[in-house]
Amino acid sequence: MEHSKIALPIGITLDRFIKNIDNLQPNTIGELSQLLRDIALASKVVNREMNKAGLVDIIGNYGNQNSTGEEQQKLDILANIRFTRALSKGKEACGVISEETEDFIDFNNKGSYVVAIDPLDGSSNIDVNVSVGSIFSIYKRITPNGTPLTKKDFLQKGINQVAAGYILYGTSTMLVLTLGDGVCGFTYESTLGEYVLSHKDIEIPDTGSIYSINDGLNNFIMNKTVIEYINDCRKQKLTARYIGSLVADFHRNLLKGGIYLYPETIQSPEGKLRLLFECNALAFIVEQAGGKATNGKNRIMEVEPLDFHQKSSLYIGSSQMVDQIA
Ligand code: AHM
Ligand code: MG
């Protein structure tokens, strides 16, 4: 695969990185670069709120359920507000759909892009100070600019993504990004308040020694190939690693080589993760890094979403490992 043609040195800021993309493709990417800045800024605010989570009364359950019936945590709500506000203030995104809301929001502006976002993934881990993440996908709207947005602007296949990324709030905070030309990672330098390029042209190893699955699901997995594959992993003494924060599990496997599996189970026959908010963005990133993502039958990026909150099984990571499932 051909990777980033942009020769930028380690240590440059995300802002400069984005500016350089502008210089290379001024007509196509100008709006997108501002949109990425808005997302980065919102993530810094979320990061700040995350860091003080132990100090003030913002951790814990908000008492509501989100549209798929799970409990929302307070920081979920806050993160959703921060990202939505940042996107609505700029004029580049014309609408957003979030894992935390039932329907999309139309910003009623002339922007060209729509954003699908999981503002805080793995939020049940916040109370115990374990890594969580934000995940985003950016698409061009399908309906004409300036007209009301419709469902079809958001129900797009993953292959239509123009950019995708995640922010991992971990031992350090990182933003990992693809614009369809390789994958770059930026580490947050909190004293400067800047993301700096720390991981250039990330490539996932073709195979690895890590498999990541919730072992408690074992007796409820519906796909026989997956059951056999996990047994094989055990026989080969691969290393089982599962945090229960998709972004963190994915990020580790992206850098070290491995596979993340969330299968269809008797309790969740369609899988648990959301195609629009979680699977598509990570599938785009992994493919750009040389890996693969499937639902066990099809390439994730080619699945047609019929519902905003559609769930999916997910097998994602090193290509040779994912090939054994699909
Ligand atoms: P969330 O979007 O409600 O936070 O749920 C998604 C999370 C993923 O981060 C994680 O990989 C998975 O759910 C863990 O699920 P389980 O506890 O069933 O293993
Ligand atoms: Mg999530």
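Atoms within each ligand, like the ligands themselves, are counted from 1 in listed order. In this chain, numbering begins with 1 at the start of the sequence shown.
- Residue Gly122 places at least one N or O, backbone or side chain, under 3.5 Å from an N or O of ligand 1.
- Each of the atoms 11 (O), 12 (C), 14 (C), 15 (O), 16 (P), 19 (O) of ligand 1 lies under 4.0 Å from some heavy atom of Tyr242.
- Among Asp118, Leu246, Asp121, Asp76, the residue whose heavy atom sits closest to atom 6 (C) of ligand 1 is Asp121.
- Each of the following atoms of ligand 1 lies closer than 4.0 Å to a heavy atom of Ser123: 4 (O).
- Within Glu278, the N, O or S atom lying nearest to the Mg ion (ligand 2) carries the name OE2.
- Here Asp249 has no heavy atoms under 4.0 Å from ligand 1, in either its backbone or its side chain.
- Between Asp249 and Arg241 there is no salt bridge, since none of the side-chain N atoms of the basic residue sits less than 4.0 Å from a carboxylate O of the acidic one.
- A donor and an acceptor atom, one from each side chain of Asn125 and Ser245, are located under 3.5 Å apart.
- Of the N and O atoms on the side chains of Tyr169 and Ser43, not one donor lies less than 3.5 Å from an acceptor on the other residue.
- Looking at Asp118, its N, O or S atom nearest to the Mg ion (ligand 2) turns out to be OD2.
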For side-chain hydrogen bond (donor to acceptor under 3.5 Å, both in side chains), just list the numbers for Glu189 and Thr191, CA-CA rounded to whole Å, side-chain angles, deciding distance to a tenth of an Å, and then say yes or no. CA-CA 6 Å; Glu189 219 296 14; Thr191 55; 2.6 Å; yes
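- Side-chain atoms of Lys44 come within 3.5 Å of backbone N or O of Gly193 as a donor-acceptor pair.
- Applying the 4.0 Å criterion to heavy atoms of Ser245 picks out, from ligand 1, the atoms 9 (O).
- Taking the six-membered ring where the residue is Trp, Phe17 and Phe186 present perpendicular rings, their angle passing 60° and hence far from 30°.
- Looking at Glu99 and the Mg ion (ligand 2) together, the shortest N, O or S contact belongs to OE1.
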Passes side-chain hydrogen bond (donor to acceptor under 3.5 Å, both in side chains), Ser212 versus Asn253? Steps please. CA-CA 9 Å; Ser212 308; Asn253 294 357; 3.1 Å; yes
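- Using bins of under 30°, 30° to 60° and over 60° for the plane-to-plane angle, the ring pair Phe277/His309 lands in the tilted bin.
- In summary, the atoms of ligand 1 found under 4.0 Å from a heavy atom of Glu278, numbered by their order in the structure, are 2 (O), 6 (C).
- A donor-acceptor pair under 3.5 Å is absent between the side-chain atoms of Asn109 and the main chain of Glu92, judged by distance alone.
- Those atoms of ligand 1 with a heavy atom of Asn214 less than 4.0 angstrom away are 16 (P), 18 (O), 19 (O).
- When the N, O or S atoms of Asp121 are ranked by distance to the Mg ion (ligand 2), OD1 comes first.
- Closest heavy-atom approach to atom 11 (O) of ligand 1 within the set Tyr262, Phe277, Tyr260: this belongs to Tyr260.
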